[in-house]
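Worth knowing before you read on, the calculation uses all heavy atoms, side chains too, and leaves out hydrogens, waters and symmetry mates. Predicted model, so just to flag it, every value in this text is computed and none were measured. Below, read A as the first sequence line, B as the second, and so on, with proteins coming before strands; counting in each chain starts at 1.
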Protein chains: 4
Amino acid sequence: MATPDKPRMQAGRAPERRNEQARLAVLHAADDLLAELGYDGVTIEGIAARAGVAKQTIYRWWPSKVDVLMDTLREDAERLNVTPQKSVRQEIRLRLRRLVEFLGKDPAGLVLLALIGQAQHDAPTAARLTEDFFAGQREQDRERLRRGIDRGELAAELRVEEAIDALYGPIYFRALVTHERMPRSYLDRLVESVLGTSGLG
Amino acid sequence: MATPDKPRMQAGRAPERRNEQARLAVLHAADDLLAELGYDGVTIEGIAARAGVAKQTIYRWWPSKVDVLMDTLREDAERLNVTPQKSVRQEIRLRLRRLVEFLGKDPAGLVLLALIGQAQHDAPTAARLTEDFFAGQREQDRERLRRGIDRGELAAELRVEEAIDALYGPIYFRALVTHERMPRSYLDRLVESVLGTSGLG
Amino acid sequence: MATPDKPRMQAGRAPERRNEQARLAVLHAADDLLAELGYDGVTIEGIAARAGVAKQTIYRWWPSKVDVLMDTLREDAERLNVTPQKSVRQEIRLRLRRLVEFLGKDPAGLVLLALIGQAQHDAPTAARLTEDFFAGQREQDRERLRRGIDRGELAAELRVEEAIDALYGPIYFRALVTHERMPRSYLDRLVESVLGTSGLG
Amino acid sequence: MATPDKPRMQAGRAPERRNEQARLAVLHAADDLLAELGYDGVTIEGIAARAGVAKQTIYRWWPSKVDVLMDTLREDAERLNVTPQKSVRQEIRLRLRRLVEFLGKDPAGLVLLALIGQAQHDAPTAARLTEDFFAGQREQDRERLRRGIDRGELAAELRVEEAIDALYGPIYFRALVTHERMPRSYLDRLVESVLGTSGLG
DNA sequence: TTTTAATCGAGACGGTACGTCTCGTCTTAAA
DNA sequence: TTTAAGACGAGACGTACCGTCTCGATTAAAA
């Protein structure tokens with residue numbers, strides 16, 4: 001017997017009569033303001049004005065401007081994902097290159113840096129950022145490294161957590177602290193020194 | 001050779017009739033507020049109220065709250081300095097331990113993290129922080145590593161800049177991003193893996 | 001002779017498929033809110049919530065909260081009407097007593113005072129209130145006084161309009177300005193002084 | 001020898017470093033907005049914008065817009081005062097003429113009507129208005145009538161309170177309820193009928 | 001010792017943005 | 001078509017701080 005296919009009505013959920021157009025306008029306005037005016041230039045009033053939206057509409061769906069930015073990050077972070085490559089080492093190299101580009105060029109990278117910045121001021125933001133972004137990222141990397149060990153591409157003694165810190169640490173250090181670019185050759189040496197040299201590449 | 005007994009009369013400088021008591025009260029108030037209320041809870045009005053000082057007194061000597069915090073950092077950062085040890089490797093190990101403690105326990109470490117956070121929002125702060133804090137720190141480390149190479153304690157092929165990034169990267173990554181403590185054994189392995197193993201320890 | 005039982009089908013009016021239950025719920029909710037929270041506490045949102053009715057339902061039938069209150073007044077103002085008495089003077093005395101009670105005790109009197117208040121802020125409300133309430137009231141009084149003159153109960157020289165002002169003026173003055181009660185003896189003296197003493201009483 | 005007349009320092013009072021220019025700008029802006037846009041068009045934001053003043057400056061000195069209007073009324077109400085005349089009857093006539101003009105033409109009269117209107121919505125406003133305005137006015141009238149009785153210009157049996165109501169009632173009734181002008185001849189008849197005819201005029 | 005000038009606590013000022021509230025309109029789904 | 005529900009653009013509310021300003025009082029150098 002076919003279930004009544006009525007839209008909504010799944011599991012007591014509210015119908016969510018949300019205006020998608022307004023949602024996108026808010027995310028783009030926030031993004032634009034961050035790029036143009038910097039983090040302190042992103043205000044709820046400013047977003048509302050630029051998006052042609054009422055302040056209340058923003059407060060209805062996002063508790064704070066951090067949450068707006070978190071949403072834009074979520075939408076843009078897919079760019080960091082990597083499809084399977086010939087070798088794990090290559091996958092990791094590609095992934096880190098994507099990250100370096102993201103942090104260095106992409107406007108969305110600005111959002112990530114700004115959120116990491118805000119996380120230093122505000123514990124809930126730190127928690128949200130870990131949950132919504134870093135936890136997922138790290139799990140992917142963990143899985144990838146384990147796969148490499150299982151396949152014999154990486155040394156069995158490799159400490160996975162510390163290897164991840166050793167790979168990401170310098171990248172974020174440069175992005176957050178020294179504000180220097182990381183050239184590709186540097187990045188390649190980094191991967192090599194952490195995962196060991198290999199004939200496979 | 002008569003010393004100029006006048007209180008600080010060097011090179012056309014104004015007499016600087018500054019109230020040291022007020023200066024310290026401001027720095028402490030800022031520190032306290034940061035610890036109690038977080039970065040956004042540090043306001044000029046709040047500092048003034050807690051320090052029992054007029055707002056104008058703060059604005060007279062510090063252009064912004066970032067500058068107040070930068071001053072507290074300057075006073076506290078001496079703790080990171082390390083006196084010469086038997087080996088360079090040991091000096092570095094000690095130094096990194098100090099940093100990990102500073103970032104993890106010391107209220108002054110909170111100030112550093114907050115300033116790095118603010119630096120993500122605000123380019124001038126980033127520049128100030130590099131100039132006033134990180135440049136000096138890094139120069140010390142650079143010198144230390146070069147000394148190690150000269151003495152033959154470290155490998156001649158060591159890339160100094162990349163080694164510094166490899167040492168500090170994971171520490172700041174944990175402090176800023178994953179918010180995990182770094183145990184001493186982990187730190188020791190880190191130093192070892194970057195500077196190479198050695199009979200000297 | 002069966003009366004057409006259809007809900008209000010007078011003179012070419014639209015069928016008015018209006019929910020009488022909702023209508024009454026709105027009027028009562030408005031009344032209650034006025035009594036409990038005062039005029040500014042009467043909001044369309046509040047009425048809708050208390051009446052268990054959608055805002056749109058209110059806006060569909062009443063352009064503004066003033067119109068809602070005007071409707072409650074219309075329903076309650078019948079209490080002010082007076083059936084013919086032995087003498088005009090007695091009729092008027094009764095009428096004024098009713099008004100004093102209405103303004104002093106009756107919740108509906110609150111509505112009238114609130115609307116007079118709003119009329120000071122808002123010319124259309126003033127016009128509506130005159131048309132829908134005061135014009136009719138005054139016409140009744142005008143007619144009554146003229147009847148008294150015709151019957152010889154009142155002096156022929158009595159200026160009708162000024163007599164009405166002289167009777168109502170002090171009552172509304174006390175209700176609106178001094179916020180004092182008007183005792184019955186005072187009221188009786190007032191009638192006497194305006195309409196003259198008379199053996200008829 | 002006279003005491004050194006230093007300004008300030010009298011009886012522990014604060015210096016009241018209030019900006020008179022801002023104060024006047026606020027009062028005028030409120031007055032203008034009331035005349036142009038009506039009571040609901042008078043907003044703190046609007047006053048601030050038109051007066052070129054910060055909202056906080058208004059909130060610092062006036063708890064609400066009612067208090068702003070009360071201040072403008074206080075300043076303008078002096079126009080209602082009457083210097084001694086040949087007879088009490090004449091004084092009263094003059095006073096009532098002033099009031100009728102005030103209510104009918106003067107922008108400040110608008111303020112009074114608006115405040116009486118608001119007093120219907122809001123008990124504290126009613127109390128404030130009585131205290132700050134009507135109590136003083138009525139006391140003057142009370143005193144004047146008593147003086148008339150003492151001098152033998154008015155009948156000894158005159159009930160002072162009721163006479164005042166009888167004089168002011170119709171004037172406010174017309175201003176607040178019927179919104180009709182009161183011609184001078186009508187006003188003269190009113191005074192005559194309440195205070196009695198007299199050879200003196 | 002007197003004068004002069006900078007600093008101090010205090011706090012008013014013109015502003016900006018906050019987060020909340022209510023308005024009156026519009027949209028959706030059910031009855 | 002009307003209903004209840006509630007999202008939407010709009011805009012005022014009252015608050016918190018911003019950075020600037022003026023005010024007298026205090027303090028320490030220079031005259």
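The cationic group of D:R18 lies under 6.0 Å from the six-membered ring centre of D:W62 and within 45° of the ring axis, placing it in a cation-pi geometry. Under a cutoff of 6.0 Å and an axis angle of 45°, D:R17 and D:W61 do not form a cation-pi pair.
Spacing between atom CD1 of C:I58 and atom P of E:dT25 amounts to 13 Å, rounded to whole angstrom units. One interatomic measurement links the two molecules: OH of B:Y39 to P of F:dC17, which rounds to 15 Å at whole-angstrom precision. Across the protein-nucleic acid pair, C:D67 atom CG and E:dG24 atom C1' stand 14 Å apart, rounded to whole Å. When rounded to the nearest whole Å, the span between CG of D:D40 and P of F:dC13 equals 11 Å. B:I47 has its CD1 atom 14 Å from the P atom of E:dG9, to the nearest Å. Rounded to an integer number of Å, the gap from D:Y59 OH to F:dC17 C1' is 17 Å. Note: CZ (D:R50) to P (E:dG14) measures 17 Å, nearest angstrom.
In this pair, A:H121 and B:H121 present their aromatic rings perpendicular. The plane angle is above 60°, beyond the 30 to 60° band.
By the side chain to side chain donor-acceptor pair (under 3.5 Å) test, C:T125 is found to be paired with C:D122, residues two or more places apart in sequence or in another chain being considered.
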Starting from the C-alpha separation in whole Å, work towards a yes-or-no answer on side-chain contact (heavy atoms from CB on, under 4.5 Å) for A:I47 and A:V42. CA-CA 7 Å; A:I47 295 172; A:V42 181; 3.8 Å; yes
Which letter, B, S or -, goes with each nucleotide of nucleotides 7-12 of chain F from 5' to 3', with contact meaning a protein heavy atom under 4.0 Å? BBBB-S
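Contact check for B:R23 versus B:V26: no side-chain heavy atoms found under the 4.5 Å cut-off.
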